[in-house]
Amino acid sequence: MPFGEQPAYLRVAGDLRQKIVDGHMPPHTRLPSQARIREEYGVSDTVALEARKVLMAEGLVEGRSGSGTYVREHPLPRRVARTGYRGLGDATPFRQEQSDEGVKGTWESESAQEDACPATAERLRIAPGERVMRTRYLFRSEGEPVMCSTSWEPLSLTGRTPVMLPEEGPLGGKGVVERMAAIDLVVDNVTEEVGARPGLAEEMSALGGVPGHVVMVVARTFFAGGRPVETADVVIPADRYRVAYHLPVK
């Protein structure tokens, strides 16, 4: 194939994609059948099928059992503002967004002790297998799930203290900075790395999406005097949100 020339299925998918983006095929419009695509574009059944698969993988269309394939409705992405710690004890981008924009939301959580896997241990600078408190969150806005996260804290720091359970006790839900201050750990910096990957089946089930669709992952770690005290992965559907950073220059 000459350089720059696209395979037939990508050319067909590109044309259909453009019609969706331009509004010629609005949400809930039925995608042309495989036979119609084959006829209209003069391609084989295999090419027509692969083109439909591309649009489905991109999240532009969805299959409805016994009915066909339809253009998905895409809400306008909202901003998740990240402007640095401001003494609010924010534990997640979701809680900071609430403060920044007056958004009212709710969340549910569950905590359990577990052995740190090698990846988590590396982020917390502890030995693999050391005990950590793992907390999973699901955040909702107006009843709709918008993001989820999993955090880990080393029990060598928080075990048998009033802040061992992040969402329970006298400082439950107060955020990492305030909770750690209660056990004489001064959180003085935080790192965040933003990446993207296909959403896992359990994540997308909770968030109301399709497994494999792209999610943004904010990998965040809080430090006190150079020692990691909490690390977390915040998972955000990429088609619904944009992470916006506004940081001071010193």
Side-chain angles (χ1 to χ4, degrees), residues 6-80 92-94 97 101 103-108 110 136-150 194-219 233-244:
Q6 285 187 318
Y9 76 95
L10 288 181
R11 286 191 285 104
V12 173
D15 188 68
L16 292 170
R17 182 192 302 114
Q18 197 61 49
K19 290 178 180 178
I20 294 172
V21 171
D22 289 345
H24 297 303
M25 294 174 63
H28 311 296
T29 299
R30 186 173 179 178
L31 195 71
S33 66
Q34 189 168 313
R36 177 72 180 273
I37 293 174
R38 183 190 64 211
E39 226 175 88
E40 185 174 338
Y41 293 94
V43 296
S44 67
D45 278 333
T46 300
V47 168
L49 178 60
E50 290 302 313
R52 289 160 62 91
K53 285 182 179 179
V54 167
L55 298 177
M56 194 166 289
E58 291 176 348
L60 293 171
V61 301
E62 61 185 354
R64 298 179 187 174
S65 181
S67 179
T69 304
Y70 293 80
V71 177
R72 290 183 66 213
E73 187 166 3
H74 284 269
L76 288 175
R78 287 173 50 189
R79 291 173 69 251
V80 175
T92 65
F94 183 81
E97 181 198 35
E101 302 183 8
V103 176
K104 298 301 181 185
T106 60
W107 57 87
E108 54 199 66
E110 60 92 12
R136 292 194 177 105
Y137 295 89
L138 177 63
F139 301 93
R140 301 177 187 274
S141 180
E142 298 180 352
E144 293 295 320
V146 294
M147 66 181 71
C148 59
S149 74
T150 304
V194 182
R197 60 166 171 77
L200 305 179
E202 56 268 28
E203 292 168 343
M204 303 314 289
S205 175
L207 293 170
V210 177
H213 284 181
V214 176
V215 295
M216 292 178 289
V217 182
V218 180
D233 285 336
V234 183
V235 178
I236 307 168
D239 62 342
R240 299 183 213 165
Y241 287 87
R242 298 290 181 266
V243 180

Does the side chain of [X] reach to within under 4.5 Å of the side chain of [Y], using non-hydrogen atoms?
X: Arg72; Y: Asp239; answer: yes
X: Leu207; Y: Leu138; answer: yes
X: Val12; Y: Val54; answer: no
X: Tyr41; Y: Val47; answer: no

Looking at [X] and [Y], what are the two nearest heavy atoms and their distance?
X: Pro26; Y: Val71; value: O-CB, 3.6 Å
X: Arg140; Y: Pro145; value: NH1-CD, 3.7 Å
X: Tyr70; Y: His28; value: CD2-O, 3.3 Å
X: Ser141; Y: Val146; value: CB-CG1, 4.0 Å

One thing to verify: whether [Y] and [X] come together as a salt bridge, which I'm taking to mean a side-chain N less than 4.0 angstrom from a carboxylate O.
X: Glu144; Y: Arg240; value: no
X: Arg36; Y: Glu39; value: no
X: Lys19; Y: Asp15; value: yes

Task: Full working for side chain to side chain contact (heavy atoms under 4.5 Å, CB included) between Arg197 and Val235 - done: CA-CA 10 Å; Arg197 60 166 171 77; Val235 178; 3.9 Å; yes
Rounded distance [0.5 Å steps], [atom1] in [X] versus [atom2] in [Y]:
X: Met216; Y: Ile236; atom1: CE; atom2: CD1; result: 5.0 Å
X: Ile37; Y: Leu31; atom1: CD1; atom2: CG; result: 5.0 Å
X: Gln18; Y: His24; atom1: CD; atom2: NE2; result: 8.0 Å
X: Arg17; Y: Met25; atom1: CZ; atom2: CE; result: 12.5 Å
X: Thr69; Y: Arg30; atom1: OG1; atom2: CZ; result: 8.0 Å
X: Tyr137; Y: Cys148; atom1: OH; atom2: SG; result: 13.0 Å

TODO: Apply side chain to side chain donor-acceptor pair (under 3.5 Å) to Arg136 and list each qualifying residue two or more places apart in sequence or on a separate chain.
DONE: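 Partners of Arg136 under the side chain to side chain donor-acceptor pair (under 3.5 Å) test: Glu110.
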TODO: In sequence, state the C-alpha distance, the side-chain angles, and the governing distance for Leu60 and Leu16, and then conclude on side chain to side chain contact (heavy atoms under 4.5 Å, CB included).
DONE: CA-CA 10 Å; Leu60 293 171; Leu16 292 170; over 6 Å; no
Open item on the list: If you apply the rule side chain to side chain contact (heavy atoms under 4.5 Å, CB included), what do you find for Arg52 with Val61, and how did you get there?
Closed with: CA-CA 8 Å; Arg52 289 160 62 91; Val61 301; over 6 Å; no
